[in-house]
2 protein chains.
Amino acid sequence: MEVPLRHHRSDVVEHAIAVLDSYGLADLTMRRLAAELDVRPSALYHHFANKQTLLAAVADELLTRGLRPLDAGEWDARLTQAASQLRDALLAWRDGAELVATVHAFGLGGQAAYDHVAQALEGSGLDEQWRATAARTVLHLVFGHATAEQTQVQASSAGAIDAEPGGVDDFADGLSLVVAGIRAEVQSRHTP
Amino acid sequence: MEVPLRHHRSDVVEHAIAVLDSYGLADLTMRRLAAELDVRPSALYHHFANKQTLLAAVADELLTRGLRPLDAGEWDARLTQAASQLRDALLAWRDGAELVATVHAFGLGGQAAYDHVAQALEGSGLDEQWRATAARTVLHLVFGHATAEQTQVQASSAGAIDAEPGGVDDFADGLSLVVAGIRAEVQSRHTP
DNA sequence: ACCTGAACACCGTTCAAGT
DNA sequence: ACCTGAACACCGTTCAAGT
């Protein structure tokens with residue numbers, strides 16, 4: 001008789017990332033992950049209450065791996081860096097953007113994404129209300145843009161229409177638009 | 001023996017909207033929809049090649065029902081109206097935002113959403129490239145914000161954290177930020 | 001603490017055949 | 001043109017029981 005393998009929570013998350021990156025979010029199933037770990041599906045429920053909780057842990061791990069401290073400097077340069085870094089973190093793994101965006105939307109995880117962007121806005125002089133609004137706006141841009149980029153890959157390889165041109169330049173331009181809008185709000189405080 | 005019911009494509013879409021609004025996107029399954037139509041699941045594949053195509057048709061129908069011609073006026077007022085109208089259209093049905101955003105991301109439908117926003121930017125004086133970037137930025141804001149609002153409902157009723165405050169005011173503020181950013185770009189052309 | 005075995009209640013999709 | 005019947009290859013989750 002074979003002795004059953006024994007894993008920790010971190011093993012499960014690590015293998016989940018491998019499955020995500022190799023097969024995509026749609027194929028990151030509890031059963032497939034269990035098979036990859038050489039374990040029955042029910043064993044996963046010892047580590048996580050359900051699939052959503054597991055996905056939240058995976059999303060948090062992706063962010064932990066991808067986000068670094070921001071450079072010192074003006075708030076706008078820091079905000080641009082935060083957004084670009086977040087985008088890179090999401091694009092680093094297959095379907096990373098969709099995963100983190102979904103988890104964040106459900107309020108189960110991905111808080112680090114918001115925090116990262118919000119941190120850059122602390123030196124802007126905006127009040128907390130406006131900082132939160134600005135942070136969410138940037139977050140929606142990054143999530144939306146990165147998700148579109150990654151989805152386009154599988155959509156066009158599946159024969160669908162390639163609508164969104166996107167790419168690095170379009171992201172940078174969209175971001176500069178939002179940053180300019182925030183700057184206008186910042187300046188309206190200093191020049192009444 | 002019972003004579004089988006006979007439906008058209010439009011019947012299927014109409015019932016799909018009813019199922020979506022009553023039970024949510026997760027419960028909008030081919031089997032459930034078939035049961036609602038009093039038909040075997042396989043019958044649906046006479047009308048649609050697969051589930052994704054059906055969802056695309058549903059998304060397009062939601063937009064057709066919710067979007068109206070924009071008022072005449074300045075580009076910024078028209079853009080604000082287009083974005084608000086789109087948001088209202090998405091929020092009018094349960095999980096409408098997530099559905100349209102997903103369909104749009106996969107390039108299978110929801111083109112009307114982009115067109116609606118892009119139309120408002122035609123009178124801005126921006127070149128096509130910038131108009132496209134601005135339109136996508138607004139679209140990501142609307143999709144992200146509306147999805148967050150609708151997801152928060154089921155997430156908080158399911159016991160998750162209520163992170164995003166959101167609501168009408170936060171959307172209006174985020175939109176005003178983006179509009180201000182676009183205005184800065186517009187003005188940089190006229191005042192060199 | 002971590003896992004198996006077995007079950008429950010589901011999915012999307014295909015395809016030959018019926019009217 | 002539109003549908004049935006029957007199957008295939010999957011899902012997430014629960015729970016008693018094993019070590």
Side-chain angles (χ1 to χ4, degrees), chain A residues 1-16 19-20 22-59 95 98-99 102-103 106 108-109 151 154-155 158-160, chain B residues 1-16 19-20 22-59 95 98-99 102-103 106 108-109 151 154-155 158-160:
Chain A
M1 267 307 190
E2 292 287 340
V3 164
L5 302 178
R6 306 199 135 229
H7 300 282
H8 292 90
R9 242 181 99 102
S10 55
D11 298 324
V12 178
V13 171
E14 203 155 330
H15 272 83
V19 171
L20 174 74
S22 302
Y23 305 100
L25 184 57
D27 288 331
L28 175 45
T29 67
M30 297 300 267
R31 285 170 179 274
R32 171 151 220 155
L33 176 56
E36 215 80 19
L37 288 160
D38 207 5
V39 127
R40 292 322 112 204
S42 53
L44 296 176
Y45 292 87
H46 179 80
H47 301 283
F48 296 94
N50 48 47
K51 189 183 178 180
Q52 288 203 8
T53 310
L54 191 156
L55 291 182
V58 173
D95 291 340
E98 193 184 348
L99 170 64
T102 302
V103 164
F106 274 84
L108 297 169
T151 307
Q154 43 189 135
Chain B
M1 268 306 191
E2 292 286 341
V3 164
L5 302 178
R6 308 199 133 228
H7 300 283
H8 293 89
R9 243 181 98 102
S10 55
D11 297 324
V12 178
V13 171
E14 203 155 331
H15 272 83
V19 171
L20 174 72
S22 302
Y23 306 98
L25 185 57
D27 288 331
L28 175 46
T29 65
M30 298 299 266
R31 285 169 179 275
R32 171 152 219 156
L33 177 56
E36 214 80 18
L37 287 160
D38 206 6
V39 126
R40 293 319 115 203
S42 53
L44 295 176
Y45 292 85
H46 180 79
H47 301 283
F48 296 94
N50 48 49
K51 190 182 179 182
Q52 288 203 7
T53 309
L54 190 156
L55 292 182
V58 173
D95 291 340
E98 192 184 349
L99 171 62
T102 301
V103 165
F106 274 83
L108 298 168
T151 307
Q154 43 189 134

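Each chain gets a letter, A, B and so on, in the order its sequence line appears, and its residues count up from 1.
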Query raised in the report: Starting at CG of A:Leu28 and ending at C1' of D:dG12, how long is that distance when rounded to a whole Å?
Result: 13 Å

**Report entry** Side chain A:Ser42 and base C:dG5 donor-acceptor under 3.5 Å
**Finding:** yes

Query - Gap between atoms CG and P, on A:Asn50 and D:dG12 respectively (whole Å) - result: 11 Å

Query raised in the report: For the residue pair B:Tyr45 and B:Asn50, what are the closest heavy atoms and their distance?
Result: CE2-CA, 4.0 Å

**Report entry** For atom CZ of B:Arg9 and atom P of D:dC3, their distance in whole Å
**Finding:** 14 Å

Query raised in the report: Can you check the A:Gln52 CD to D:dC11 P distance for me, whole Å?
Result: 18 Å

Query raised in the report: Can you check whether A:His46 has a side-chain N or O nearer than 4.0 Å to OP1 or OP2 of C:dT4?
Result: no

Report task. For C:dC3 versus D:dC15, give the span between their C1' atoms, rounded off to a whole number of Å. Result -> 13 Å

Report task. Starting from P on C:dT14, measure out to CZ on B:Phe48 and report it in whole angstrom. Result -> 15 Å

**Report entry** Euclidean distance, B:Leu37 CG relative to B:Leu44 CG, rounded to 0.5 Å
**Finding:** 6.5 Å

Query raised in the report: Considering only the C1' atoms, how many Å lie between C:dC2 and D:dA16, rounded to the nearest integer?
Result: 15 Å

**Report entry** C:dC11 to D:dC8 separation - C1' atoms, rounded to the nearest Å
**Finding:** 12 Å

**Report entry** Rounded distance in Å - CZ (B:Arg31) to P (C:dT14)
**Finding:** 13 Å

Requested in this report: Might you work through the side-chain contact (heavy atoms from CB on, under 4.5 Å) test for A:Val13 and A:Phe48, ending with a clear yes or no?
Outcome: CA-CA 10 Å; A:Val13 171; A:Phe48 296 94; 3.8 Å; yes

Report task. Assign each of B:Met30 and A:His47 to its nearest nucleotide of DNA chain C by heavy atoms, then name whichever residue's nucleotide is nearer the 5' end. Result -> A:His47

Requested in this report: Calculate the interatomic distance between A:Leu25 atom CG and D:dC11 atom C1'; express it in whole Å.
Outcome: 14 Å

Query raised in the report: Mapping A:Pro41 and B:Ala49 onto DNA chain C by nearest heavy atom, which one lands closer to the 5' end?
Result: A:Pro41

Report task. Quick one: closest heavy-atom pair of A:Arg9 and A:Ala57, and the distance? Result -> NH2-CB, 4.2 Å

Report summary line: 5'-most contact on DNA chain D (nearest-nucleotide basis), A:Ala43 vs A:Arg32, goes to A:Arg32

Query - Partner nucleotide, any strand, of C:dG18 [Watson-Crick/G-U, under 3.5 Å] - result: D:dC2

Query raised in the report: Taking only N and O in the side chain of B:His8, is any of them less than 4.0 Å away from OP1 or OP2 of D:dA1?
Result: no

Report task. Would you kindly compare A:Tyr45 and B:Leu44 by the position of their nearest DNA chain D nucleotide and give the one closer to the 5′ end? Result -> B:Leu44

Requested in this report: May I have the distance from B:Lys51 (atom NZ) to C:dT14 (atom P), rounded to whole angstrom?
Outcome: 14 Å

Query - Distance, nearest 0.5 Å, that separates CG of B:Leu33 from CG of B:Leu20 - result: 11.0 Å

Query - Proximity to the side chain of B:Arg40 - top-ranked nucleotide from C:dG12, D:dT4, C:dC2 - result: D:dT4

**Report entry** Strand partner of C:dA7, provided both Watson-Crick or wobble distances fall under 3.5 Å
**Finding:** D:dT13

Query - Heavy atoms from other residues, nucleotides or ligands near CD of B:Glu14 exceed 12 (cutoff 6.0 Å) - result: no

